[in-house]
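Beneath this line is the structure, given in structure tokens, with notes to follow.
Since this is a predicted model, take the numbers as computed values, not measurements.
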Amino acid sequence: MSTDILRFATAGSVDDGKSTLIGRLLFDSKSIFEDQLDAVERTSRGRGEEQTNLALLTDGLRAEREQGITIDVAYRYFATPRRTFIIADTPGHIQYTRNMVTGASTSDLAVILVDARKGLQEQSRRHAFLATLLQVPHLVVAINKMDLVDYSQERFEEIKQEFTDFATKLDVSDLTYIPISALHGDNVVDRSINMPWYDGSSLLHHLEHVHIASDRNLIDARFPVQFVIRPQRAADPELHDYRGYAGTVAGGVFKAGDEIMHLPSGLTSRIAKILTADGELDEAFPPMSVTMLLEDEIDISRGDMLCRPNNQPVVSQDIEAMVCWMAESRKLTPRSRLVIKHTTRNAKVMVRDIRYRLDVNTLHRDEDAEDLSLNEIGRVSMRATQPLFADEYKENRLTGGFVLIEEGTNTTVAAGMIVRAE
């Protein structure tokens, strides 16, 4: 079994069939336990439905099943001999924009579903824009319910052209179109005999073969220190002077013997060893979790960063970022005081200014905006009490992303993407 993992999110308008598509993927790839399927079949019969409602495999909340909609992000896992998958089923309603942002923020690919009868809807455009704002590298436009338009090639080409015209306004690097019927399984796992005019791959085949290794930043070496390991067995001569720095590689490639720089001190050293639970490694790259040992004694603690002497992140207390506000109880206003969690570093921040609020539907910038409410997105400038080691989000999603936390309640109130660090 390959250890290659693909994270992908489903998005799109309400009732476009996101949950049904995931249920079909799980069912046709033999990734459902018999008791799960039995429970779904019983629930479907109890609701008077003629067919097994595969959407019930992901819509687990009672309110979701009663209304037939997705409210929260549902994560599902399955694997094929070629790749392991983590699916985020995200809601379509505008009031759950924050949930969609949460699901797409860690995704390698987004599947935007479009109802073949209705064409491109406002929510489909919104989710496509959010996926590109979150720098999801690969987009798949799955034109669903083709069975309801008699598997019409003309209708498929019409929607494809409509989305292609819209995509010219977005930052899309990889865009694929697939006609499907999630209800009947056409082009989901296997190629459909009902659409002989379509010569592309099925959705699962595309998910198995899309190239994601080069999506990660392998140039800018970044290692945020999460934990300092100091074994307490002083009697063991091998562990007496052991000082390891544990964390997840956020960018670049680290090799034993490489020269590195510690931030914020600016001191340099060399990597003596790179260790994991399975033993010593010659090199480490994203998203590996490793422990590094250095040749020199440097005062390093959680929140610090190791990088290359000639390739450093911006060290700054002042940042500008796109922020998605997620709190219902309060608004984001100038002079708001919050806690920022950026990589492994926490610091207090104050919002200096709201540059503009973005209308996700029209992409219009409201430069007169004075605050951000629930599910609204805008560009803000902030000042932190400690220097942050940041890259632009478009260069590195790990060192360019952050969350904002309300100090009193410890509630996550916003997700942000660094546009510029001064």
Side-chain angles (χ1 to χ4, degrees), residues 1-12 14-47 49-62 64-65 67-92 99-100 102-104 106-115 127 138 140-147 176 178-192 201-210 212:
M1 180 79 69
S2 169
T3 56
D4 187 16
I5 298 176
L6 175 75
R7 298 171 178 266
F8 72 93
T10 58
V14 182
D15 291 333
D16 277 352
K18 297 181 291 296
S19 299
T20 303
L21 173 63
I22 294 176
R24 174 60 63 184
L25 268 174
L26 297 173
F27 180 77
D28 284 1
S29 62
K30 308 293 190 293
S31 301
I32 307 173
F33 293 113
E34 285 188 13
D35 58 339
Q36 288 179 300
L37 185 59
D38 290 342
V40 168
E41 287 176 343
R42 282 197 307 273
T43 304
S44 300
R45 287 196 301 271
R47 292 168 50 161
E49 298 183 21
E50 296 179 2
Q51 293 179 305
T52 301
N53 188 347
L54 296 175
L56 298 176
L57 287 166
T58 53
D59 289 339
L61 299 178
R62 177 178 291 181
E64 292 179 319
R65 294 190 170 196
Q67 300 179 52
I69 63 171
T70 300
I71 294 174
D72 201 0
V73 182
Y75 291 95
R76 290 294 179 267
Y77 311 87
F78 76 103
T80 66
R82 189 174 186 88
R83 185 172 265 173
T84 301
F85 300 94
I86 301 175
I87 316 170
D89 182 21
T90 64
N99 305 66
M100 191 273 167
T102 301
T106 57
S107 297
D108 303 302
L109 180 146
V111 179
I112 310 292
L113 271 86
V114 177
D115 189 324
H127 284 192
H138 308 277
V140 174
V141 179
I143 299 171
N144 191 23
K145 304 188 181 181
M146 289 297 294
D147 55 305
T176 304
I178 302 176
I180 66 169
S181 170
L183 185 64
H184 300 292
D186 294 287
N187 284 338
V188 177
V189 171
D190 301 310
R191 287 283 305 275
S192 171
S201 63
S202 67
L203 177 61
L204 181 60
H205 184 273
H206 180 77
L207 295 175
E208 284 183 321
H209 292 84
V210 65
I212 60 171

So, for [X] and [Y], which heavy atoms are closest and what is the spacing to 0.1 Å?
X     : Y      : result
Arg7  : Thr106 : CD-O, 3.2 Å
Ala11 : His127 : CB-ND1, 3.4 Å
Arg24 : Leu183 : NH2-O, 2.5 Å

Next on the checklist: Holding to ring-ring contact (aromatic ring centres under 6.0 Å, His included), I want the full list of residues that pass it with Phe8, two or more places apart in sequence or in another chain.
Outcome noted: none
Item to check | With His206 via ring-ring contact (aromatic ring centres under 6.0 Å, His included) - residues at least two apart | outcome: none
Checklist entry - Checking side-chain contact (heavy atoms from CB on, under 4.5 Å) for the pair Leu203/Asn187: CA distance, chi angles, key distance, verdict? => result CA-CA 6 Å; Leu203 177 61; Asn187 284 338; over 6 Å; no
Item to check | Interatomic distance, Ile112 atom CD1 to Thr176 atom OG1 [nearest 0.5 angstrom] | outcome: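 Between Ile112 CD1 and Thr176 OG1, I get 12.0 Å after rounding to 0.5 Å.
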Next on the checklist: Checking Asp115 against Lys145 for the salt bridge (charged side-chain N to carboxylate O under 4.0 Å, His left out) test, could you report, in this order, the C-alpha distance in whole Å, the side-chain angles of both residues, the deciding distance, and whether it holds?
Outcome noted: CA-CA 6 Å; Asp115 189 324; Lys145 304 188 181 181; 3.5 Å; yes
So [Y] and [X], do their side chains get closer than 4.5 Å, heavy atoms only?
X      : Y      : answer
Val189 : Leu25  : yes
Phe78  : Ile87  : yes
Ile143 : Ile180 : no
Tyr77  : Ile5   : no
Leu6   : Leu207 : yes
Val141 : Val114 : yes

Does any N or O in the side chain of [X] come within less than 3.5 Å of the main-chain N or O of [Y], such that one atom is a donor and the other an acceptor?
X      : Y      : value
Arg191 : Ser202 : no
Arg83  : Val210 : yes
Asp4   : Arg82  : no
Ser107 : Gly103 : yes

Item to check | Set of side chain to side chain donor-acceptor pair (under 3.5 Å) partners for Asp147, sequence neighbours left out | outcome: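 Partners of Asp147 under the side chain to side chain donor-acceptor pair (under 3.5 Å) test: Ser181, His184.
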Next on the checklist: For Asp186, give me all partners under side chain to side chain donor-acceptor pair (under 3.5 Å), at least two apart in sequence or on another chain.
Outcome noted: Tyr151, Ser192, Asn194
Next on the checklist: Working note: Val188 + Leu204, criterion side-chain contact (heavy atoms from CB on, under 4.5 Å); need CA distance, chi angles, decisive distance, verdict.
Outcome noted: CA-CA 6 Å; Val188 177; Leu204 181 60; over 6 Å; no
